[in-house]
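The structure appears right after this line, and notes come after that.
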Amino acid sequence: MGLIREPKNIDLSTKSEEWTEKELLDFRKLMKEIKAKNAKRKSRSVKPQRKKVSA
Amino acid sequence: MARSKGLDFQIDKLTNSIENTTTGEVFDTEIVRLSAANKSQIRKSDWQFNWHLELGDSSKEVFKLTTQNNPTIIQGLMSIEDKDDHIFMHLIESSKFNKGRDKVYFGVPGNLVAFACKISMERGYEGFLAFDAKTVLIKHYHATHFRGKRMFIETTAANRLISSYFKP
């Protein structure tokens with residue numbers, strides 16, 4: 001198990017503003033593309049390898 | 001955990017760790033969900049953001065990070081919202097003794113961000129976590145810049161964070 005040691009002088013304290021409808025729409029579009037790409041990659045990596053059968 | 005929302009929410013505690021910046025000692029931690037009934041655990045003057053407001057908002061889920069040995073001392077807080085296809089992080093804050101050059105522990109925000117990604121995975125959102133951030137720390141979490149202050153963490157980065165912080 002690792003641990004991310006953030007620099008001592010930098011802190012992550014964040015207050016997010018609500019994203020606009022347009023931003024959410026664009027983000028969802030991008031997210032869909034990434035998810036589709038990941039699914040494609042995943043299905044490619046689990047393809048069973050065919051064994052050569054000699055006649 | 002199966003995808004769940006609202007009252008059937010199952011995550012109560014998960015174990016991971018933070019590291020003392022001086023001694024290097026590592027402490028196991030817990031992340032526990034807080035409700036409006038737990039307001040007394042958060043003294044307003046100790047925090048930059050208004051966490052009582054978050055606890056009173058039913059659309060948000062507030063979590064505290066503590067060490068296992070000392071569950072009454074809050075190391076950090078996070079407020080998230082389930083957006084049905086991703087998790088949105090409204091607020092994240094380390095306690096005042098975990099900020100700046102004299103911070104006591106490393107890993108407080110990382111723990112909480114990894115936990116949010118874990119929730120996103122468990123709810124079927126493939127780890128997607130969206131939020132605003134302005135600090136350079138964001139590169140530590142492998143976040144992707146979207147536009148302006150808008151950032152997100154996608155599946156590969158989420159998996160990396162989860163495996164960094166959570167014991168198998």
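Here is the naming used below: chain letters follow the sequence lines, and residue numbers restart at 1 for every chain.
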Q) Is there a donor-acceptor pair under 3.5 Å between the side chain of A:S13 and the backbone N or O of B:E93? A) no
Q | Donor-acceptor contact present, side-chain A:T14 to main-chain B:I92, <3.5 Å | A | no
Q.
Taking atom CD as the centre, does A:E33 end up with more than 12 heavy-atom neighbours from other residues, nucleotides or ligands that are less than 6.0 angstrom away?
A. yes
Q: Take atom NZ of A:K37 as the centre, draw a 6.0 Å sphere, and report whether it contains more than 12 heavy atoms from other residues, nucleotides or ligands.
A: no
Going only through I, L, V, M, F, W and Y residues with side-chain contacts under 4.5 Å, is there a path from [X] to [Y]?
X	Y	value
B:W51	B:M89	no
B:F115	B:L129	yes
B:L34	B:I80	no
B:L65	B:Y105	yes
B:W47	B:L53	no

Drop me the distance from [X]'s [atom1] to [Y]'s [atom2], to the nearest 0.5 angstrom.
X	Y	atom1	atom2	result
B:Y125	A:M31	OH	CE	10.0 Å
A:I34	B:F128	CD1	CZ	4.5 Å
B:R150	A:T20	CZ	OG1	6.5 Å
A:R41	B:T155	CZ	OG1	9.0 Å

Q. Between A:E17 and B:D132, which heavy-atom pair has the shortest distance, and what is it?
A. N-OD2, 2.9 Å
Q. Parallel, tilted or perpendicular for B:H86 and A:F27, by the 30°/60° rule?
A. perpendicular
Q) So, B:K83 and A:E18, do they make that salt bridge, N to O below 4.0 Å? A) yes
